[in-house]
Protein chains: 2
Amino acid sequence: MSGTDPVCTETTPPSAARGGPVSIALARVARMHRIAAGRRLKELGLYPGQEMMMMRLWDCGPVRQSELIQSLGLDASTVTKMLQRLEQCGHVRRGPDPADRRAVLVEATDEGRSLRTGVEGVWSDLEQLSLQGLGPDDRAELARLLGLVAENLRVEAGEAGECPLAPGGAAPRANC
Amino acid sequence: MSGTDPVCTETTPPSAARGGPVSIALARVARMHRIAAGRRLKELGLYPGQEMMMMRLWDCGPVRQSELIQSLGLDASTVTKMLQRLEQCGHVRRGPDPADRRAVLVEATDEGRSLRTGVEGVWSDLEQLSLQGLGPDDRAELARLLGLVAENLRVEAGEAGECPLAPGGAAPRANC
DNA sequence: CAGATTACCTTGGCCGACCAATGAATGGGT
DNA sequence: ACCCATTCATTGGTCGGCCAAGGTAATCTG
């Protein structure tokens with residue numbers, strides 16, 4: 001074995017393993033899951049991420065934009081732009097809130113609602129694919145462990161669901 | 001309880017649960033994990049995603065860009081632009097490959113190498129935070145289950161590590 | 001009631017990620 | 001030797017995400 005080979009020598013200590021094998025595996029699995037979801041969503045005419053928005057709209061009826069922001073745990077500007085595109089697509093309708101003139105009420109159109117079965121099919125399809133070969137006990141165990149990890153991370157990341165985001169302003173980003 | 005309330009009535013059937021609770025939980029956990037990683041990486045002057053690139057460079061020495069693309073499982077254009085920014089930052093050096101005039105050899109600079117302990121600290125810190133309260137058996141179980149899921153998804157998503165991406169061109173994206 | 005504060009959304013900028021198309025260099029086939 | 005297919009990298013476009021700043025409206029306070 002040569003020491004100056006420009007290719008990974010396979011005996012090199014993996015830097016990833018030195019800082020959290022489970023975290024790395026989690027990121028990897030999530031990435032693959034996202035790719036697989038993106039492929040299926042593409043055939044429905046949706047970009048990855050939009051399905052979450054639509055799910056919330058299907059569940060909740062006319063909602064204030066701020067509720068979506070809080071419930072999805074996204075940035076306000078992200079939601080604004082995403083809704084603009086979804087509105088232009090005809091999947092979503094936006095209108096003023098009579099009770100608050102600065103708020104915006106968002107609602108899924110009939111065409112947007114028609115995507116529901118497709119999106120839910122994508123997710124259940126992915127669920128089935130991901131958990132192939134896992135028995136009921138393994139699935140429950142995975143769900144339980146993911147719940148624990150989520151609870152551990154919830155403290156500082158803010159949960160997407162009910163808790164408002166903690167205002168954690170920190171170091172200024174380098175300009176590179 | 002009013003039926004026309006614009007707020008989620010909490011008894012509404014959650015659309016997320018109807019299409020894969022584990023998948024949803026996985027996406028949620030991965031998101032929180034990414035947010036937490038991003039916060040810590042910011043203090044090192046890195047954007048989320050760049051740490052993976054640097055890890056590969058620390059492990060492998062001078063590498064062809066195509067190796068990075070395959071090993072990280074990213075798009076070629078993504079790697080190109082990321083490396084341009086990392087080079088402008090001084091974390092990375094790029095030069096021609098004498099063996100192939102169209103290839104580019106990438107290498108971490110000394111300044112880039114100096115980030116290694118910081119990044120590995122971020123990941124191990126995150127690992128510790130995520131797995132708080134989990135015993136060794138639980139951690140091993142989580143790693144095992146994530147490995148199984150990764151194996152299930154590997155078939156169609158292409159693995160980031162050794163396998164080349166499967167060329168899965170599909171439906172044309174909607175223009176919305 | 002007037003002024004300051006807060007909440008709600010929008011805009012602009014940046015980066016990671018994808019696809020599509022292009023240009024340059026290599027390699028294989030006849 | 002030639003042409004053609006493949007590979008390598010770049011550019012341009014789009015979208016999901018974030019942060020920072022700005023503008024309007026509601027609310028809290030003196």
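Bear in mind the structure is a predicted one, so any value in this text is a computation, not a measurement. Convention: sequence-line order gives letters A, B, ...; per-chain numbering from 1.
- The backbone N or O of B:Ala36 lies less than 3.5 Å from a partner atom in the side chain of B:Arg40, making a donor-acceptor pair.
- Contact annotation: A:Arg85 side-chain N/O to D:dG16 OP1/OP2 distance is under 4.0 Å.
- Of the side-chain N and O atoms in B:Arg102, none sit less than 4.0 angstrom from OP1 or OP2 of C:dG23.
- Going from atom CZ of B:Arg31 over to atom C1' of C:dG16 covers 15 Å, rounded to whole Å.
- Nucleotide D:dC8 holds its C1' atom 12 Å from the CD atom of B:Glu67, rounded to whole Å.
- Taking 4.0 angstrom as the limit, B:Gln84 places none of its side-chain polar atoms (N or O) nearer than this to OP1 or OP2 of D:dA9.
- For A:Thr78 and D:dG16, the shortest distance from a side-chain N or O to OP1 or OP2 is not below 4.0 Å.
- Atom-to-atom, CG of A:Asp97 to P of C:dC9 comes out at 8 Å; the value is rounded to the nearest Å.
- Nearest nucleotide to the B:Asp100 side chain, out of C:dT26, D:dC18, C:dC18: C:dT26.
- Listed nucleotides: C:dT10, D:dG16, D:dT10. Nearest to the side chain of A:Met82: D:dG16.
- In this structure, the side chain of A:Arg64 does not engage the main chain of A:Asp97 through any donor-acceptor pair within 3.5 Å.
- Side-chain proximity of B:Val104 to the nucleotides D:dT10, C:dT11, D:dC8 is greatest for D:dT10.
- You'll find a donor-acceptor pair under 3.5 Å spanning the side chain of A:Ser77 and the base of D:dC18, going by distance alone.
- The distance between atom NZ of A:Lys42 and atom P of C:dC18, rounded to the nearest whole Å, is 11 Å.
- Contact annotation: the side chain of B:Arg94 approaches that of B:Gln65 to within less than 4.5 Å [non-hydrogen atoms, C-beta and beyond].
- Between C:dT26 and B:Arg101, a contact under 4.0 Å exists linking OP1 or OP2 to a side-chain N or O.
- Distance A:Met53 CE to D:dG16 P: 9 Å, rounded to the nearest Å.
- Listed pair A:Gln50 / D:dC15 fails the phosphate criterion, with no side-chain N or O lying under 4.0 Å from OP1 or OP2.
- The distance between atom CZ of A:Arg64 and atom P of C:dA7, rounded to the nearest whole Å, is 13 Å.
- Contact between the side-chain N/O atoms of B:Gln70 and the OP1/OP2 oxygens of D:dC8 is not found at any separation under 4.0 Å.
- Looking at B:Glu107, its side chain never comes within 3.5 Å of a backbone N or O of B:Arg93 through a donor-acceptor pair.
- In this model, the phosphate group of D:dA9 is approached by a side-chain N or O of B:Ser66 to a distance below 4.0 Å at OP1 or OP2.
- Distances were taken from every side-chain heavy atom of B:Ala76 (C-beta onward) to each of C:dT11, D:dT10, C:dG16; the shortest belongs to D:dT10.
- Here D:dT10 is the nucleotide among C:dC19, D:dT10, C:dT10 with the atom lying nearest to any side-chain atom of B:Arg94.
- Of the candidates A:Leu148, A:Val22, A:Leu26, A:Val22 is the only one forming a side-chain contact (heavy atoms from CB on, under 4.5 Å) with B:Leu142.
- Mapping A:Leu86 and B:Ala103 onto DNA chain D by nearest heavy atom places B:Ala103 closer to the 5' end of the strand.
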